[in-house]
J.: 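Next up is a structure, given as structure tokens.
Keep in mind the model is a prediction, meaning the values are calculated, not measured. Quick note: numbers below take in every heavy atom, side chains included, and nothing from hydrogens, waters or symmetry partners.
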Amino acid sequence: QVQLAESGGGSVQSGGSLRLSCAASGRTFTIDTMGWFRQAPGKEREWVGAISWRGGSTYYAASVKGRFSISRDLAKNAVYLQMNSLTPLDTAIYYCAARTNIARTSTIISESGYDDWGQGTQVTVSA
């Protein structure tokens with residue numbers, strides 16, 4: 001399995017930016033895809049985006065496309081989520097997740113498509 005640890009969350013005013021980091025350890029050579037999700041209180045976990053671990057191809061939810069960008073550093077076993085033009089609607093706990101079982105039929109936009117999860121980091125955007 002893969003262990004994941006998010007960092008970089010905090011409070012920011014509307015229109016501001018934050019960059020989240022996710023450090024992976026353990027069997028990182030098994031990673032196929034790294035995803036970012038977010039969850040606001042009382043709401044379902046929502047897919048934000050994903051990146052192919054080896055190829056670096058990125059995919060984004062329509063709600064964040066053009067504002068958020070995902071990157072990864074293979075040498076550091078890390079993935080990043082750069083968030084710009086933040087609004088209060090972006091307030092949530094943000095999680096990174098690793099897809100290691102390529103036999104899964106679930107897609108990368110579903111939480112069931114991932115095998116390992118971080119603990120999450122809080123992002124709060126004030127008006």
Side-chain angles (χ1 to χ4, degrees):
Q1 69 275 13
V2 175
Q3 292 77 48
L4 304 172
E6 303 95 338
S7 62
S11 298
V12 65
Q13 293 185 353
S14 183
S17 299
L18 281 174
R19 185 170 74 168
L20 306 183
S21 299
C22 175
S25 60
R27 303 178 78 237
T28 58
F29 58 90
T30 66
I31 298 175
D32 177 73
T33 305
M34 292 290 293
W36 284 97
F37 290 77
R38 64 186 182 184
Q39 187 168 26
K43 305 195 71 175
E44 288 190 331
R45 193 166 296 185
E46 174 190 22
W47 179 73
V48 174
I51 186 168
S52 171
W53 191 243
R54 290 179 296 171
S57 299
T58 54
Y59 313 88
Y60 301 98
S63 59
V64 306
K65 188 176 298 183
R67 299 189 299 124
F68 292 8
S69 64
I70 300 172
S71 60
R72 55 95 169 91
D73 188 333
L74 295 178
K76 296 181 178 179
N77 288 323
V79 63
Y80 308 95
L81 179 65
Q82 177 67 47
M83 304 183 293
N84 300 321
S85 301
L86 288 164
T87 80
L89 295 177
D90 298 311
T91 295
I93 301 175
Y94 283 72
Y95 300 87
C96 63
R99 181 185 178 98
T100 59
N101 182 4
I102 60 173
R104 287 182 177 269
T105 58
S106 300
T107 71
I108 61 171
I109 68 172
S110 171
E111 60 186 273
S112 63
Y114 295 83
D115 301 283
D116 302 296
W117 294 79
Q119 296 298 310
T121 185
Q122 177 71 48
V123 171
T124 302
V125 185
S126 60

J.: Counting distance only, does the side-chain N/O of Arg99 pair as donor-acceptor with the main-chain N or O of Ser52 below 3.5 Å?
T.: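 Checked: no pair found.
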J.: Supply the atom-to-atom distance Ile31 CD1 to Thr100 OG1, rounded to the nearest 0.5 angstrom.
T.: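 Separation between the atoms: 8.0 Å.
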J.: Report the distance from atom OG of Ser7 to atom CD of Gln119, rounding to the nearest 0.5 Å.
T.: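 CD of Gln119 is found 13.0 Å from OG of Ser7.
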J.: Within the 4.5 Å heavy-atom criterion, are Tyr94 and Met83 side-chain neighbours or not?
T.: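 Counting from C-beta outward, Tyr94 and Met83 do come under 4.5 Å.
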J.: Flag the pair Leu86 / Phe68 as yes when at least one side-chain heavy-atom distance between them is below 4.5 Å, and no otherwise.
T.: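 Answer yes - side chains close enough.
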J.: So, does Asp116 use its side chain to make a donor-acceptor pair with the main chain of Val2 at under 3.5 Å?
T.: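 Indeed, once roles are kept as given, a pair shorter than 3.5 Å links the two residues.
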J.: Are side-chain heavy atoms of Tyr114 and Thr33 found at a separation under 4.5 Å?
T.: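 With C-beta onward as the side chain, the pair touches.
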J.: Are Trp117 and Phe37 an aromatic pair, judged by ring center distance below 6.0 Å?
T.: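 Phe37 vs Trp117: aromatic centres under 6.0 Å.
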J.: A side-chain contact here means heavy atoms from C-beta on lying under 4.5 Å apart; do Tyr60 and Ser69 qualify?
T.: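 In contact.
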J.: Tell me, do Leu4 and Met34 make a side-chain contact under 4.5 Å, heavy atoms counted?
T.: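 Yes, side chains in contact.
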J.: Which pair of heavy atoms, one from Asn84 and one from Ser17, lies closest together, and at what distance?
T.: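 Heavy-atom minimum between the residues: OD1-OG, 2.9 Å.
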J.: So Arg38 and Val64, do their side chains get closer than 4.5 Å, heavy atoms only?
T.: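 Touching, per the 4.5 Å side-chain cut-off.
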J.: Ile109 and Tyr59: same hydrophobic cluster, using ILVMFWY side-chain contacts below 4.5 Å?
T.: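 Per the 4.5 Å side-chain linkage, Ile109 and Tyr59 are co-clustered.
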J.: Would you find a donor on one side and an acceptor on the other, under 3.5 Å apart, between the side chain of Trp47 and the backbone of Ala61?
T.: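 Pair absent, no side-chain N/O of Trp47 close to backbone of Ala61.
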J.: Is Leu20 close to Tyr95 at the side-chain level, that is, under 4.5 Å between some pair of heavy atoms?
T.: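 SC-SC contact between Tyr95 and Leu20 ruled out.
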J.: In Å and rounded to the nearest 0.5 Å, what is the OG1 to CH2 distance from Thr30 to Trp53?
T.: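 One gets 10.5 Å once the value is rounded to the nearest 0.5 Å.
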J.: Drop me the distance from Asn101's CG to Asp115's CG, to the nearest 0.5 angstrom.
T.: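 One finds 5.0 Å between CG of Asn101 and CG of Asp115.
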J.: Can you name the closest pair of heavy atoms from Pro88 and Ala127 and give their distance?
T.: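 It is CG-N, 4.1 Å.
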J.: Taking side chain as C-beta onward, heavy atoms only, is Trp36 less than 4.5 Å from Val79?
T.: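 Result yes, sub-4.5 Å side-chain heavy-atom pair found.
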J.: Supply the atom-to-atom distance Arg67 CZ to Thr87 OG1, rounded to the nearest 0.5 angstrom.
T.: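 Answer rounded to 0.5 Å: 5.5 Å.
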J.: If you compare all heavy atoms of Gln1 against all heavy atoms of Gln3, which two are closest, and at what distance to 0.1 Å?
T.: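 The answer is CG-NE2, 3.2 Å.
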J.: Tell me whether Thr124 contacts the main-chain N or O of Thr91 through its side chain, where contact means a donor paired with an acceptor under 3.5 Å.
T.: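 No, Thr124 side chain to Thr91 backbone: no donor-acceptor pair under 3.5 Å.
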J.: Looking only at atom types and distance, does a side-chain atom of Glu6 sit under 3.5 Å from a main-chain N or O of Cys96, one as donor and one as acceptor?
T.: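 The answer is yes, because a donor-acceptor pair under 3.5 Å joins these two groups.
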J.: Distance from Gln82 atom CD to Leu18 atom CG, nearest 0.5 Å?
T.: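 Output value for this atom pair is 8.5 Å.
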